[in-house]
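Order of listing sets the numbers, starting from 1, for every ligand and every atom in it.
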Amino acid sequence: MDNKTRIAVFVSGGGTNLQALIDAQRAGNIKSGEIVLVVSDKADAYALTRAENNGIKAVVITKKKGEQADFENILSAVLSENNIEMIILAGFMCILSADFTSQWPKRIINIHPSLIPSFCGKGCYGLHVHEKALAYGVKVTGATVHFVNEIPDGGEIIFQKAVNIEDDDTPEVLQRSVMVQAECILLPAAA
Ligand code: GAR
């Protein structure tokens with residue numbers, strides 16, 4: 001009998017973190033869980049191609065403005081149909097409501113590309129995080145894996161990894177450094 005936790009990975013974009021999870025799974029480094037579903041809120045997310053290339057079921061659920069409850073009802077139905085037990089947010093750019101997160105206590109984790117509580121919260125995502133870190137002038141940044149609750153980037157921290165900022169870093173260069181040196185290591189370790 002297969003007792004592995006059934007994991008859904010939520011994505012919105014390129015899926016670098018999804019790929020790190022898939023690679024770790026293939027290498028046998030995700031011991032207790034199995035990625036069985038990828039959910040994207042964007043129909044053109046390259047992460048969907050990564051799921052397809054690796055034989056993982058993928059669904060697109062788009063959110064229309066002001067329709068959070070409808071969006072989350074569809075999400076919940078899809079998760080239930082697929083017997084999902086744990087959710088990993090890997091570059092998922094929608095904020096989930098308290099109604100949704102309260103149904104998944106300590107069963108949703110997120111990766112954020114900074115050392116929380118710096119450069120995080122509503123509106124601070126993707127490249128913006130690295131722009132803010134460079135504008136502030138911090139010399140060290142990194143990534144954080146945390147449980148998800150109703151506060152954006154506010155749940156209990158699981159792992160953090162620091163990354164040094166170089167004098168000539170641009171936001172794009174720093175994003176890549178944080179991805180390679182921290183995110184792609186931390187997220188599979190937490191799964
Ligand atoms: C990653 O850097 C991830 O940490 C970040 O978006 C990027 C997605 O890239 N997530 C957030 O900023 C969430 N607040 P990917 O789709 O290539 O993994």
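Within the 3.5 Å criterion, the main-chain N or O of E166 finds a donor-acceptor partner in the side chain of D169. In this structure, the side chain of R50 does not engage the main chain of Q19 through any donor-acceptor pair within 3.5 Å.
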Considering only N or O atoms, set out every pair between ligand 1 and the protein closer than 3.5 Å, with distances to one decimal place.
| unit_1 | atom_1 | unit_2 | atom_2 | d |
| --- | --- | --- | --- | --- |
| ligand 1 | 2 (O) | E183 | OE1 | 3.1 |
| ligand 1 | 2 (O) | E183 | OE2 | 2.9 |
| ligand 1 | 4 (O) | E183 | OE1 | 2.6 |
| ligand 1 | 12 (O) | G126 | N | 2.8 |
| ligand 1 | 14 (N) | H112 | ND1 | 3.1 |
| ligand 1 | 16 (O) | G14 | N | 3.4 |
| ligand 1 | 16 (O) | G15 | N | 2.8 |
| ligand 1 | 17 (O) | G15 | N | 3.3 |
| ligand 1 | 17 (O) | T16 | N | 2.8 |
| ligand 1 | 17 (O) | T16 | OG1 | 2.6 |
| ligand 1 | 18 (O) | T16 | N | 3.2 |
| ligand 1 | 18 (O) | N17 | N | 3.0 |
| ligand 1 | 18 (O) | N17 | ND2 | 3.1 |

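One finds the CD1 atom of I151 at 9.5 Å from the OG1 atom of T101 (value rounded to the nearest 0.5 Å).
For the 3.5 Å distance criterion, the side chains of Q160 and T144 qualify, holding a donor opposite an acceptor.
Identified under the salt bridge (charged side-chain N to carboxylate O under 4.0 Å, His left out) test for residues 149-162, with sequence neighbours left out: K106-E156.
The closest side-chain heavy-atom distance from V36 to I7 is not below 4.5 Å.
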